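I have placed the structure first, in the form of structure tokens, so that the comments after it can refer back to it.
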Amino acid sequence: MSHVRLLDASSDEEDEESHPPDNPEDIVTETIGSFGPYQLWLCLLGFLLNVVHCWLSLSLKFVGLVPSFVCGEGDSVGNSTCEVLMGNMTKPCTSFIFSKEEVEDTIVERWGLVCDKGGLENVAQSVFFTGCLVGVFLAGLMADMMGRKVVCVVLATTFLVSGVLGGLVTSWYVWLMLRFVVGAASIGMVTVRYIIQVEMIGGMWRSWANTFTSTGWVVGYMTLPILAYTIPNMRQMEVFIGLSSSPLLLLLVFCHPESPRWLLARGKVTKAVTILNTVASWNKRRKIITEEQVNKFITSQSKARVITSKPTTDSLSSVLTTPYPTTRTNLFIMSFCWFAFGMAYFGLALHTPELGSNVFIVFFIGGLMDVPVILVGPVLLNHAGRKPCMVGGLLMGSVCLLTTSLLSSTSKAIIVMAVMGKMGVGMAFDTGYVWTSEMFPTVIRNSALATCSSAARLGAIIAPLVVFTDTYRPGMSILVYGVVAMVGGILSLMLQPETKRCTMLPDTLEEGEVAAGGRRRGEEKI
């Protein structure tokens, strides 16, 4: 049987050796270990970044909340709050008095986004996720070219500045521009930093590490309504969210490493060795590794690997222009699955109908229902596998969402089914992060994850626009989310390989194609 690195299983997840062996198959994990105190520190920082990222991503639920209002210019015409009676004539109302009962100084209140301007708060969400789409894609490409850490630091700085300015500006169009920028910076910094984490953690520990960092999103989800209740002025909350990234920026600058895998893939052996030895010291692995050992490793792997001590020129475009059919198919299908994640998850998170219930409580429950996914996710990923979790999550979510079509439009059971549907999609979403980062090789891993994440943002851009279909039939948007999730679940049956027991990640496109079953090892490219 031909040797395939990605699918090579190990009976012992933690290497018991305290030093790298003479002929390691994975120089990074053999040197620093699959998981240790240093990797735990990386996960903790990822957890905190995800809390802040979640606050920003879902803050439009409150920042864009439409409070009840009345016309402030005179007597309203009938039940209309958009027209005012002036003598014997009516005219459109141009000044409004908004309720302060839940929150105040929302974008709706600041710029009067009601009546003829109604619905523009949904456009704001689309602008934000458009920024996410552009930002995560460009960040991924830049991180593969320039390095993970430098791009992450630049994006974190951009997040801080644009986030704070969003709460200070007085122009609607300037605010939209800043929302675009902060969206690009937020998802970009989280995705790029996550890739460093993946490339420094081995085997089954990757799914547990992903769960730990993903818990930050759930904590952010559940604490956001508390934050909005505590800071009811939305301008002040925007400034607070922007400033909350400042200590994390300092940690990224001074305490976070560059990815040694990226450095080795680019031929920067000296820097890689320095980082590997630092991490090994933190993890109490006694013997250091030398440049000579690394170069020997690269040389010994040259017959089985395309990558050498010279910098590689492989990029995401190589998947589209060279014969890597299985990798290319995986990229297209995974991108659609992420599109389904983004549309269904964010559409439901930001537009689950309250049907007269307290907005803070309904939103909190939506976050609370993600907790079971976090608790059982790693167990399912490591025992059932990546594919069953993704397929099952999407199909379960779609069934719950489509079931709402059988319920009365005023039934609060719709809230229950919508939250259950979001649970299923959330399980698939978490699986997507792990599986995508394992499926694609080092030379395009960040670009592939960024491409898929961009697809999710495209889904999130369309999600608020789908909500407009509710004006024709209440609950129609939930049905659309369900259909898209079902298509994604069916297509994900075609993804390969299952990486449940992989202990080493592919580095080159050739290795990725072999692992996916698209080419036998040693077969020449045509």
Side-chain angles (χ1 to χ4, degrees), residues 50 53-54 57-58 61 125 129 132 187 207 210-211 214-215 217-218 220-222 333-353 362-363 365-378 380-381 384 386-405 414-436 449 452-467 475-493 495:
N50 268 332
H53 172 55
C54 180
S57 298
L58 300 183
K61 178 66 176 183
Q125 182 187 332
F129 283 114
C132 290
I187 188 62
S207 58
N210 176 70
T211 296
S214 296
T215 303
W217 176 274
V218 177
Y221 199 137
M222 291 191 295
I333 293 177
M334 190 65 82
S335 294
F336 184 86
C337 289
W338 280 69
F339 173 84
F341 301 158
M343 175 178 283
Y345 187 90
F346 288 106
L348 292 169
L350 293 168
H351 299 286
T352 296
V362 171
F363 194 88
I365 292 174
L368 183 64
M369 294 305 291
D370 279 352
V371 173
V373 175
I374 291 295
L375 294 178
V376 305
L380 290 176
L381 282 172
R386 278 52 165 162
K387 180 181 286 189
C389 288
M390 180 175 285
V391 175
L394 284 170
L395 293 182
M396 184 194 93
S398 66
V399 169
C400 290
L401 297 177
L402 293 175
T403 301
T404 61
S405 65
I414 290 178
I415 298 177
V416 176
M417 298 308 297
V419 171
M420 292 292 292
K422 188 171 73 64
M423 278 182 61
V425 175
M427 179 71 226
F429 211 153
D430 285 349
T431 303
Y433 265 101
V434 176
W435 203 9
T436 303
L449 185 60
C452 292
S453 189
S454 295
R457 307 316 138 185
L458 179 60
I461 290 169
I462 296 175
L465 305 180
V466 173
V467 173
M476 176 62 75
S477 60
I478 296 179
L479 296 182
V480 174
Y481 301 152
V483 170
V484 173
M486 178 166 286
V487 174
I490 294 172
L491 287 177
S492 61
L493 288 167
L495 290 170

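This is a predicted model, so every value here is computed, not measured.
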Pairing residues for [X] by the side chain to side chain contact (heavy atoms under 4.5 Å, CB included) criterion, not counting sequence neighbours:
{"X": "Leu465", "result": "Ser126, Phe468"}
{"X": "Leu375", "result": "Val371"}
{"X": "Leu401", "result": "Leu348, Ile478, Tyr481"}
{"X": "Leu479", "result": "Leu402, Thr404, Ser405, Arg473, Met476"}

Where is the tightest heavy-atom contact between [X] and [Y], given as atom of each residue plus distance?
{"X": "Met396", "Y": "Met420", "answer": "CE-O, 3.7 Å"}
{"X": "Lys61", "Y": "Ala349", "answer": "CD-O, 4.5 Å"}
{"X": "Met334", "Y": "Met390", "answer": "SD-CE, 3.7 Å"}
{"X": "Ala460", "Y": "Pro464", "answer": "O-CD, 2.9 Å"}

Mind checking what makes side-chain hydrogen bond (donor to acceptor under 3.5 Å, both in side chains) contact with [X], not counting sequence neighbours?
{"X": "Asn50", "value": "none"}
{"X": "Ser477", "value": "Asp470"}
{"X": "Thr436", "value": "Trp338"}
{"X": "Thr431", "value": "none"}

- line: Sorted by chain and residue number, the salt bridge (charged side-chain N to carboxylate O under 4.0 Å, His left out) partners of Asp430 (sequence neighbours excluded) come out as none
- prompt: Partners of Arg457 by salt bridge (charged side-chain N to carboxylate O under 4.0 Å, His left out), sequence neighbours excluded?
  reply: none
Donor-acceptor check, side chain of [X] to backbone of [Y], threshold 3.5 angstrom: yes or no?
{"X": "Ser398", "Y": "Leu395", "value": "yes"}
{"X": "Ser453", "Y": "Leu449", "value": "no"}
{"X": "Lys387", "Y": "Ser492", "value": "no"}

If I take atom [atom1] from residue [X] and atom [atom2] from residue [Y], how far apart are they, to the nearest 0.5 angstrom?
{"X": "Ser335", "Y": "Leu491", "atom1": "OG", "atom2": "CG", "result": "11.5 Å"}
{"X": "Met427", "Y": "Phe341", "atom1": "CE", "atom2": "CZ", "result": "10.0 Å"}
{"X": "Gln125", "Y": "Ser57", "atom1": "CD", "atom2": "OG", "result": "10.0 Å"}
{"X": "Cys337", "Y": "Ile490", "atom1": "SG", "atom2": "CD1", "result": "11.0 Å"}

task: Only pairs at least two apart or in different chains count here, so list each side-chain hydrogen bond (donor to acceptor under 3.5 Å, both in side chains) that has a residue in residues 415-425.
output: Asp370-Lys422
query: Is the shortest heavy-atom distance from the side chain of Met486 to the side chain of Leu394 under 4.5 Å?
result: no
field: Result of checking Leu380, Ile374, Val373 against Val376 for side-chain contact (heavy atoms from CB on, under 4.5 Å)
entry: Leu380
- prompt: What orientation do Phe346 and Trp217 show, parallel under 30°, tilted 30 to 60°, or perpendicular over 60°?
  reply: perpendicular
- prompt: Got a sec, which residues hit ring pair (Phe, Tyr, Trp, His ring centres under 6.0 Å) with Phe363, two or more places apart in sequence or on another chain?
  reply: Phe62, Tyr221
